[in-house]
Structures are given as structure tokens and as C-alpha cells.
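Report on the following structure.
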Amino acid sequence: MQSVIPDYLTEVLADVESDVSGEPAGYIPELAAADPDRLGAVFATLDGKIYGAGDVDTEFTIQSISKPFTYALALADRGFGPVLAKVGVEPSGEAFNQISLERESGRPLNPMINAGAITAHSLVGSQELDPAGRAERVVDGLSAFAGRRLSIDDAVCASEMEHAHRNLAIAHMLRSYHILTEDPRGVVDGYIRQCSVLVTVRDLAMMAATLANRGVNPVSGDRVIGERVVRQVLSVMATCGMYDSAGDWATQVGIPAKSGVAGGLIGALPGQIGIATLSPRLDAHGNSVRGVSLFERFSSDMGLHVMEVPASAPAVVRANHVVDGGRHAVRVIALQGGIRFAGAERIVREIVDAAPAEIKVALDLTMVSSIDDVARRMVLEVARRLTLDGHEVFLVDPEALVPDPDPGEGGRVTVVEDLQHAVRGLVDKHEPGPGSTSDKKQRGPA
Ligand code: GLN
């Protein structure tokens, strides 16, 4: 059977194909020469599957879609403090090439507008790097996100360099405020190289998927960037990625995104998917007309808006019962699914509302798929308090979801592979084997 997804993509491309409104970017002559009818879309899953339709392997220049990735590299190479001191994170509500800087400090408002992106470019690599070395580090970094070696389109690069007056003006302003501390021309040259990196829709989807996958490229398996940096980058994409249409985008589409003047558009849906489209005709904001339409369709057809509140997950507490109701009774609290703060709160409440009468308490994680850091800490704190109340606590954790559990002062947990194993160890040899009784009512008072 053929997958339904490429058919869906083909159908949506056909629906937007007739829209020929907008114009390809005219201020970079070489871009104006590109075929405006190109149209393609790719979905990249977080386990490395690619679905595409239309022009998925045509190369074009990445342009501003390079900005979030270069920002990521700067954060990774220099750290948050030095980067935030020079580039803010406030949406500007202005066009991408607006010559505007924060009053007094001269700090660009965010790394998605050109002023911030030029600054972020200057912060990639170590301080000692010369402009050429820095541009190389940028191409290497973008390549790691894409999972293949990328190169620069020299013709587009030269064409943009010849008409870079506006970016040079921005860079000179940045230099006057000491946001840039070197020759602005070298920085703009490097920034334009960065914008001239050739990519395909497939590459862009993979780059987006790397962000959606917490910084690990789904195909190469390489960790390209740390999770804290990914969160920062996705946040800035969500608030500033679409320039002066960021609010419309946030409400209509709701996917952290970035557009480029060559007609590319990416969206990274955290924990789910990377999406990319290509269509060179741009709207007044400099965003691809048909790209925006495609993303609107994707978001509404498939419920991809990040603010879409998911249907409530199955109860985290699957069962609360006593195994072998005799002298060696074990209170078993069986958990399931993915546990985050709200789920952990349910676990805490389950135990606080009805304190176990049994000495032995087992928290059974066998059916748990994931447990995040705060949930892990809350569960261990419950284990610690149970110990202090005189209980013996077992953690049934065959997948080592909580490796080396340390409940802290006064707490103690015994990790076991499976519940039967645990109960058997507890039952007196002369007694019959373990049995399970569901007896919520037998529990002692809170
Ligand atoms: N290289 C382009 C510029 O700096 C990138 C702009 C964009 O894609 N929005 O003007």
C-alpha cells in the first residue's frame, strides 16, 4: 500500500498552484531570475522518514532561513550571556531589513531581522576566527543541521554583495554602537555567504526536523545543538520568524517558522515534525505567498498548531491496588504513559489523599513511556516522604527510566525489574504465591 502522506501533499500543492500572486525578490538580481513557478513541500519525521511532493530536490539559496541556525551556532559557541548582551529577543513588528536598533544600547531587537542576524553571524565560532574562518564554521554548522555537505552559490552571493548597501548601512550602525567590534564589511560579506548557502526543500525539512527533534539530526543521529539552545531558537522563531506578520502567523498557523527571500519556508513542530516548502513569489512581508497558504492548510488539516490543546492523555495512575493482601501486602501504584508535571501531580495526590496502610509501596513504571525531569524529581520526593513515614518503597523500573534513583536525605528506594519479582522476594516461603486484589477501600486514612 502506498502511504497517504505524499498523496495528501500532492493534493495540497495542486490546490495552491494557481495562485500566482506576489513577486520573487527583486533586490537581489540573481534571485529575480529564478523560476517563480517552482513549488515543493516536504515533511521530515523525527525518525528520519521523508515525504515530499513537487520540486523537492531543486537547489536554491537558504537566505534568511539560515538565521535561526546561525543564532543557534552563536549561542552554542559563545554562550547565552554574550549573545543576549548583543542581540535581543523582542519581536520588532518591522520588516526584515528595517534599519532599527534598540534605543541607547543599539542592540538589534531580535536575531531574525537582518540587524540581529548580522550580529549573530559575527558571534559564531571563537573570538579569534577571521571572517573567512567564521563563514566556514557557519557552512559546517548548517551542513550538520541538514545532514549533508552544503555549498555556497557564488553567483547569488556576488549578486547580493553588489547590492548590499542596506545591510552595509545596518552593519555600520552596529559598528558605531560597538555591537560589532570589527570591520563591518567583513561581517556583511560573511553574512551574505551564509544567506547564499544552497539547499533543497528536503534539506530544509531535515534542518527543521533537527530542531523539532531537540537538536539531534534524525538521519545522521548527530547531536548538532543542545536542548537549551533549541528551546531558545524555537521561541524566537515562534515570536519573530515571520517578521511583521509574526502575529498573524502565530494565530493562523502556530508553528515556529522562518522564511527566506528565495521562497523557502520552514516550520519546526516540537517533538513531531519538520516541514519545508518552496515557492519564490513573495508577499509584502517578504514571505512566500504559496508557502504561507501551504502552512495554513497543513496546520488546519492536521491540527499542527502548537497551542492546540491535546486531548487529555489517559490517566497516569492506571491502577492502585494491593498485591498479596496478607502480612506482606504491597500497595502497588501502577503508572502509565508519558509523565510530566501534571501527571506527577496526580501521582502525588493519589498518595497524599489516601496514605497507604501497607508498609510496602511499589511504584510500577512498567507501562510508563517517558518521565521528564520534574516528574522524576517529584516521584523521588514522594518516595523520600514515604520512607520517612515508615514505608519501604520499590520502584518497578525495567527500562531504567529513573536511572540510579536518589530520593535524597532519609529516602530509600529499591529498584526491581518486575512486580512479580518484587513481590516474590517479599513473600514468606511458606505462604502461597502472590495474588492481586483490587481494594482501594482497604487503604488506611490519609
Ligand atoms: N540575504 C537577504 C538579506 O539580507 C536575506 C533576507 C531574507 O531572506 N529575508 O537581505
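Counting convention: from 1, in listed order, for ligands and their atoms alike. On a predicted model such as this, the values are computed, not experimentally measured, just so you know.
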- Query: Under 4.5 Å between any side-chain heavy atoms of Lys258 and Met112, yes or no?
  - Reply: yes

- Message: How far is atom 10 (O) of ligand 1 from the closest protein heavy atom, and which atom is that?
- Response: Tyr27 OH, 2.6 Å

- Note on the structure: ligand 1 to Tyr191, heavy atom cutoff 4.0 Å, flagged ligand atoms 3 (C), 4 (O), 5 (C)

- Just heavy atoms, cut-off under 4.0 Å: does Asn167 contact ligand 1 by side chain, backbone, both, or neither? side chain

- Query: What part of Arg166, side chain, backbone, both or neither, has a heavy atom within less than 4.0 angstrom of ligand 1?
  - Reply: neither

- Item | Gly260: numbered ligand 1 atoms lying under 4.0 Å from its heavy atoms | 8 (O)

- Query: Under a 4.0 Å N-O cut-off, is there an ion pair linking Arg377 with Asp373?
  - Reply: yes

- Task: Could you list which atoms of ligand 1 come closer than 4.0 Å to a heavy atom of Glu160?
- Result: 1 (N), 2 (C), 3 (C), 4 (O), 10 (O)

- Would you call Arg349 and Glu345 a salt bridge, taking side-chain N to carboxylate O under 4.0 Å as the test? yes

- Query: Does any N or O atom in Asn114 lie less than 3.5 angstrom from one in ligand 1, N or O only?
  - Reply: yes

- Task: Among all protein heavy atoms, pick the one closest to atom 7 (C) of ligand 1 and tell me residue, atom and distance.
- Result: Ser64 OG, 2.3 Å

- Message: Please report whether ligand 1 has a polar contact with Val261, defined as an N or O pair separated by less than 3.5 Å (distance criterion only).
- Response: yes

- Verify ring pair (Phe, Tyr, Trp, His ring centres under 6.0 Å) between Tyr51 and Tyr8, making sure each step is shown before the conclusion. CA-CA 10 Å; Tyr51 297 105; Tyr8 166 76; over 10 Å; no

- Taking atom types as modelled and ignoring hydrogens, do the side chains of Tyr71 and Gln232 form a donor-acceptor contact shorter than 3.5 angstrom? yes

- If you count the atoms of ligand 1 from 1 in the order shown, which ones are under 4.0 Å from a heavy atom of Cys195? 1 (N)

- Could you verify whether a donor N or O on one side chain and an acceptor N or O on the other, from Thr10 and Asp7, lie under 3.5 Å apart? no

- Pair Asp183 + Arg175, salt bridge at N-O below 4.0 Å: no

